[in-house]
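A quick write-up on the structure given underneath.
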Amino acid sequence: MSLGQEIGKLLGPGDVIALFGSLGSGKTTLVKGIARGLGVDPKVVRSASFLLMQEYQGRIPIYHFDAYRLEGPEDMSRLGVDELFWGEGLSIVEWADRVEGSLPEEYVKISLFIESPDKRRIEVSCLGERYVKVLQGLMARD
Amino acid sequence: MLILGIETSCDETSVAVVEDGLSVRSNLVSTQERLHLKYGGVVPEIACRAHLESLLPILDEAMKTAGITLNDLDAVAVTTTPGLIGALLIGVTAAKALAWTLKIPLIAVHHLHAHIFAAKLEHGKAMEFPCLSLVVSGGHTSLFLSSKETRHELLGATLDDAAGEAFDKVAKLLGLGYPGGPAIDSIAREGDPARVPFPRSYLEPGSLDFSFSGLKTAVLYHYQGLVGARCNVPLPRKELADLAASFQEAVVDVLVEKTLLALRKYPVKGVALGGGVASNSRLRKRLSLALEGRHIRPYFPPPALCTDNAAIVAGLAYYKYLEGELASLEVEAAA
C-alpha cells in the first residue's frame with residue numbers, strides 16, 4: 001500500500017503502469033496504494049476482473065484495467081485503451097503479461113512475486129526516459 | 001399494464017414481458033456461457049457481438065410467447081448500470097429505439113435493484129418491506145436495506161473481489177471449469193467443509209463490507225502445497241472436493257455472519273437474496289437455517305431468477321412507473 005502511494009505521487013497524466021504477477025500476488029492492493037497517492041479513497045478500488053476497466057477520480061483520473069479475462073492484445077485494443085493511454089489520466093493494467101502487445105513503448109513495469117504467504121518481492125523497472133523521475137523518486141525514498 | 005424488459009449487462013441477452021409487475025408473460029434468456037467456456041470468463045468482444053446477434057430474435061420470441069405484438073406494450077424497461085459498458089449499450093440503444101418508435105415511456109433500471117426484485121417476483125405480496133437484501137454475483141457482493149421495491153440503501157459491499165469472482169477464480173485454479181459457482185457447488189457436496197480451515201475475513205468489528213481476495217490467495221497456497229507435495233501429480237477427486245467444500249464454507253460463513261450482523265443493526269423482518277451466487281445450495285441452506293431460528297422470513301428467488309434475466313427488469317420497472325420515475329431518451333449506459 002505505502003509503496004503504491006509513493007509511486008502514485010510520482011506519476012501524472014498519460015503515464016502507464018503495467019503490473020505483472022500471479023493470482024494473489026497483491027496487484028489490486030498495490031493499485032489501492034497508487035490510487036491513495038493520487039487522492040482516491042482506496043476503498044473504492046476493487047478488483048476490475050469482472051468489469052475489465054474501472055475509472056476513479058483523483059487528482060487526475062485513474063483508469064484501472066484488468067486483463068484477467070482477456071485473451072490477448074486485440075481484446076485490450078477493443079476496450080479503447082489507446083485513447084486512454086494517451087489521455088488525461090494514469091492507466092494501470094493488471095495481468096499485463098496477458099496483453100503485453102497492447103502496451104505503449106514506454107511504461108513503468110512492476111512485477112510482484114510471492115516469496116512466502118506474508119512476504120512479497122516487488123521489482124520496479126521503467127521503460128522509457130519519461131519515467132526516470134519515478135526511479136529517482138523511489139530511490140530518494142530509501 | 002404490459003412492460004417489455006431488456007437485459008444485456010453482462011453475458012446474458014434477455015427479453016421479457018411482465019404484466020403489472022408480477023405476472024411473467026415471457027422471459028427468454030440466451031446465454032453465452034458456451035462461448036465463454038473456453039476463456040474461463042466473460043470476454044467483452046464476444047459478449048457485445050453475441051448480444052447484437054441474439055437480441056432481435058429473442059425479442060420476437062418473447063412477443064410470441066407472451067401472445068402479444070409490439071403495439072400492445074405500454075412501456076419499455078432496460079438495465080442501464082452497472083455492467084460491461086459495450087454490452088449495456090446494445091440493450092439501452094434497442095430500448096430507446098423501441099420507446100421512440102412505439103411512443104411509449106422508457107424506464108431505466110439499476111442491475112442490482114433488479115436482482116433484489118427477483119425475490120418479489122417469486123413471493124409477490126407476501127414479501128414485506130423493509131427488508132435486508134443481499135446481492136451476490138460474479139461482479140458484486142452488496143448488502144442493502146430495502147425500504148420498498150424501488151428504494152435500496154447500500155450498507156456494505158466487497159472491497160476487493162466479489163464472491164462469485166472468488167468462485168470463478170478458485171474453480172479455474174482447481175481445474176473445475178466455468179462457470180465456477182455451479183462447479184464448486186456440485187463437487188463440494190462430496191467434500192468435507194471442515195477439512196481445511198480457510199481464513200474468514202470480517203474486516204473491522206461492525207463492518208458490513210466484504211473481502212474475498214485473501215481467501216482466494218489462501219486457497220492458492222493450500223492447493224500449491226498439496227500439488228507440490230505430490231510432485232505435481234493431479235489431486236484425487238476427494239481432495240478437490242474437500243478443498244472446494246472448505247472454500248465454499250468460508251464464503252458462506254462470511255455472507256451469513258454479515259447478514260446476521262446487519263440484522264442486529266437493522267432489525268427488519270425479512271431477508272431477500274439475489275444474484276447468481278444466490279442459487280448456491282449451501283448458501284441457501286445455511287442462510288435459511290440461520291433466519292429460521294430468528295423468525296426472520298427468507299425471500300429467496302428460484303435459481304432461474306437469480307441469474308441475469310429481463311423479467312426482474314420489467315417487474316421492477318412497473319413499480320418505478322407507478323412512482324413516475326421515467327427515463328428520457330437521452331439516458332446513458334454507465335459501467
Side-chain angles (χ1 to χ4, degrees), chain A residues 1 21-33 35-36 40-57 61 63-81 83-84 94-95 98-99 102 112-120, chain B residues 9-11 36 38-49 81-88 137-142 156-166 168-170 172-173 178 199 203 207 209-225 276 334-335:
Chain A
M1 262 300 250
S22 60
L23 195 75
S25 57
K27 296 182 293 301
T28 304
T29 307
L30 190 69
V31 178
K32 280 175 181 273
R36 187 153 78 184
V40 174
D41 178 0
K43 252 186 92 164
V44 305
V45 177
R46 288 158 193 202
S47 165
S49 295
F50 186 74
L51 290 177
L52 308 158
M53 204 274 274
Q54 278 158 198
E55 190 177 337
Y56 316 112
Q57 276 305 326
Y63 308 116
H64 177 193
F65 296 93
D66 188 321
Y68 178 73
R69 294 172 190 273
L70 301 183
E71 278 293 288
E74 305 79 32
D75 283 347
M76 193 72 182
S77 304
R78 287 188 192 110
L79 283 174
V81 290
E83 286 156 46
L84 293 175
E94 288 197 47
W95 295 97
R98 303 179 68 86
V99 292
S102 69
L112 298 95
F113 303 92
I114 302 175
E115 299 275 275
S116 73
D118 43 5
K119 196 170 163 208
R120 299 289 183 274
Chain B
S9 68
C10 189
D11 60 347
H36 296 305
K38 75 180 196 60
Y39 299 102
V42 177
V43 183
E45 174 66 10
I46 296 180
C48 296
R49 208 166 28 200
T81 192
L84 303 177
I85 186 71
L88 284 166
S137 67
H140 308 276
T141 303
S142 306
T158 183
L159 299 181
D160 39 58
D161 297 5
E165 178 181 347
D168 277 342
K169 285 184 171 168
V170 166
K172 193 172 176 182
L173 174 73
Y178 176 86
L203 303 167
S207 167
D209 287 327
F210 301 86
S211 168
F212 294 106
S213 174
L215 170 61
K216 166 194 76 186
T217 311
V219 176
L220 170 76
Y221 294 146
H222 195 86
Y223 176 75
Q224 284 176 339

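Note on naming: letters A, B, ... go to the chains in the order of the sequence lines (proteins, then strands), and numbering restarts at 1 for each one.
Residues B:Leu159 and A:Lys32 have side chains in contact (heavy-atom distance under 4.5 Å, counting atoms from C-beta outward). Residues B:Lys172 and A:Tyr68 have side chains in contact (heavy-atom distance under 4.5 Å, counting atoms from C-beta outward).
Using a 4.5 Å cut-off between heavy atoms, B:Leu220 touches chain A through its side chain atoms alone. Of the two parts of A:Val44, neither the backbone nor the side chain holds a non-hydrogen atom closer than 4.5 Å to a non-hydrogen atom of chain B.
With sequence neighbours excluded, the residues satisfying side chain to side chain donor-acceptor pair (under 3.5 Å) with A:Tyr56 are A:Gln54, A:His64. Legend: residues meeting salt bridge (charged side-chain N to carboxylate O under 4.0 Å, His left out) with A:Glu94, ordered by chain and number and at least two apart, are absent. With sequence neighbours excluded, the residues forming a side chain to side chain contact (heavy atoms under 4.5 Å, CB included) with B:Thr81 are B:His110, B:Ala334, listed by chain and number.
Most heavy-atom pairs under 4.5 Å with chain B: of the set A:Ser25, A:Ala48, A:Ser49, this distinction falls to A:Ser49. Heavy-atom pairs under 4.5 Å with chain A were tallied for B:Val219, B:Ile85, B:Leu173, B:Thr158; the largest tally goes to B:Thr158.
In this structure, the separation between CG on A:Leu23 and CD on B:Gln224 is 9.0 Å, given to the nearest 0.5 Å. Considering CD of B:Glu165 and CZ of A:Arg46, their distance stands at 11.5 Å, rounded to 0.5 Å. Remark: A:Ser47 OG to B:Asp161 CG distance equals 4.5 Å, nearest 0.5 Å.
Within residues 209-217 of chain B, the residues having any heavy atom less than 4.5 Å from a heavy atom of chain A are, in residue-number order, B:Asp209, B:Lys216, B:Thr217.
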